[in-house]
Amino acid sequence: QEIIDTANYNYDKEVLENKENNNTLRKGDFVINDAISALSDWNDLFAKEKYKWFVISGTFLGLIREGGFLKHDYDIDLGIHSKDFLFENIFGKIKKTKNFVIKKIDVLKEGVCKNDSYLLTCKKQIVLLKIIHRTGLNIDLFIHYSEKDICWHGSSFHRWDNNIFNLKTYNLHGIEVFGPENSELYLTENYGNWRVPVTDFHFHTGTPNLSIIRNPSSIAMFVKRISELKSKKNFLKIKHVLKKAKILSKEDIFDLRLI
């Protein structure tokens with residue numbers, strides 16, 4: 001609460017300076033030829049017709065806006081619906097190949113705060129496989145879950161919601177891939193004005209459909225980021241995320257019991 005009150009006061013008084021500048025932003029380590037090689041090897045190992053994987057997020061943005069991978073990207077973003085996610089099969093095939101290794105299996109745990117205790121409210125779900133290609137390039141495979149008319153994916157810290165979407169075939173650097181059929185709707189949900197390139201984009205604050213996962217680690221991470229006071233813009237975006245999660249009230253009162 002003290003962090004939020006202090007930031008509100010100082011930004012209102014224009015005391016705090018913007019700490020963000022282009023010299024401190026992380027530079028992309030993306031080599032497009034490596035990305036093409038990684039996607040080709042992935043497609044050879046997991047034929048899209050059988051495994052139903054599709055390109056999402058920054059990879060899909062690059063495909064639609066630039067006609068290929070974004071030059072300043074960091075990894076390849078793939079998705080697969082939970083009903084098509086054959087974990088043991090995929091895990092086994094990756095273990096046998098020399099082209100890929102699994103770096104991390106991210107599991108979602110969510111709950112509520114009740115009587116000063118944190119209680120899990122759902123069973124653990126695998127939400128993300130972080131995979132490394134032999135070139136060193138990273139692939140994130142997000143498992144997509146459906147709830148009513150929402151299709152969501154995420155990590156142990158983040159969640160992104162989209163309207164349920166159908167898939168269609170696209171061509172990405174000569175490789176046929178699936179992607180959301182309604183590209184306009186999907187990219188607007190993810191990025192807002194997606195046609196205009198953003199040089200200082202960060203997925204922690206740059207995606208309108210971002211939510212907090214209801215667990216202590218996720219909440220602590222967002223509180224830490226808001227305490228860094230990098231800029232008023234960043235501060236207001238994180239406040240918005242906290243309010244969406246009902247951790248921060250309309251009056252800017254921080255209370256975990258609100259969830």
Taking only residues two or more places apart in sequence or in another chain, which ones pass side-chain contact (heavy atoms from CB on, under 4.5 Å) with [X]?
{"X": "Ile64", "result": "Phe60, Tyr170, Ser183, Leu187, Trp194"}
{"X": "Ile32", "result": "Phe30, Ile36, Phe69, Lys71, His173"}
{"X": "Lys93", "result": "Leu45, Phe46, Tyr51, Asn89"}
{"X": "Leu167", "result": "Phe54, Phe165, Phe178"}

Is the closest side-chain donor-acceptor distance between [X] and [Y] under 3.5 Å?
{"X": "Trp160", "Y": "Ser211", "value": "no"}
{"X": "Asn209", "Y": "Asn190", "value": "yes"}
{"X": "Ser156", "Y": "Asp106", "value": "yes"}

Do [X] and [Y] have side chains that get closer than 4.5 Å, going by heavy atoms?
{"X": "Leu39", "Y": "Val177", "result": "yes"}
{"X": "His153", "Y": "Ser57", "result": "yes"}
{"X": "Tyr186", "Y": "Asn163", "result": "no"}
{"X": "Trp53", "Y": "Asn43", "result": "yes"}
{"X": "Ile139", "Y": "Phe100", "result": "yes"}
{"X": "Leu86", "Y": "Phe91", "result": "no"}
{"X": "Tyr74", "Y": "Asn138", "result": "no"}
{"X": "Ser146", "Y": "Lys83", "result": "no"}

Gap separating the [atom1] atom of [X] from the [atom2] atom of [Y], nearest 0.5 angstrom:
{"X": "Ile131", "Y": "Leu78", "atom1": "CD1", "atom2": "CG", "result": "7.5 Å"}
{"X": "Ile164", "Y": "Asp149", "atom1": "CD1", "atom2": "CG", "result": "6.5 Å"}
{"X": "Leu137", "Y": "Ser37", "atom1": "CG", "atom2": "OG", "result": "9.0 Å"}
{"X": "Leu63", "Y": "Leu172", "atom1": "CG", "atom2": "CG", "result": "5.5 Å"}
{"X": "Leu128", "Y": "Lys104", "atom1": "CG", "atom2": "NZ", "result": "7.5 Å"}
{"X": "His133", "Y": "Asp34", "atom1": "NE2", "atom2": "CG", "result": "8.0 Å"}

Least distance between heavy atoms, [X] atom then [Y] atom:
{"X": "Pro208", "Y": "Gly192", "value": "CG-N, 3.9 Å"}
{"X": "Thr188", "Y": "Glu184", "value": "OG1-O, 2.7 Å"}
{"X": "Gly154", "Y": "Phe142", "value": "O-CD2, 3.2 Å"}
{"X": "Ala38", "Y": "Ile76", "value": "CB-CD1, 4.2 Å"}
{"X": "Lys168", "Y": "Pro180", "value": "CG-O, 4.3 Å"}

* Which pairs pass salt bridge (Lys or Arg N to Asp or Glu O under 4.0 Å) with one or both residues in residues 39-59, sequence neighbours excluded? ->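 Sorted pair list: Asp41-Arg134, Lys48-Glu176.
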
* For Asp77, does its backbone N or O pair with a side-chain atom of Thr59 as donor and acceptor, under 3.5 Å? -> yes

Hphob cluster co-occupancy, [X] + [Y], side-chain heavy atoms under 4.5 angstrom:
{"X": "Ile105", "Y": "Ile143", "answer": "yes"}
{"X": "Leu185", "Y": "Ile150", "answer": "no"}
{"X": "Leu141", "Y": "Ile132", "answer": "no"}

* Is Val196 isolated, or which residues cluster with it under the ILVMFWY side-chain rule of less than 4.5 Å, directly or via members? ->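 Noted: Val196 shares its cluster with no other residue.
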
* To do: Let me see the working for His144 and Ile56 under side-chain contact (heavy atoms from CB on, under 4.5 Å), right down to the final yes or no.
  => CA-CA 11 Å; His144 285 55; Ile56 63 168; 3.8 Å; yes

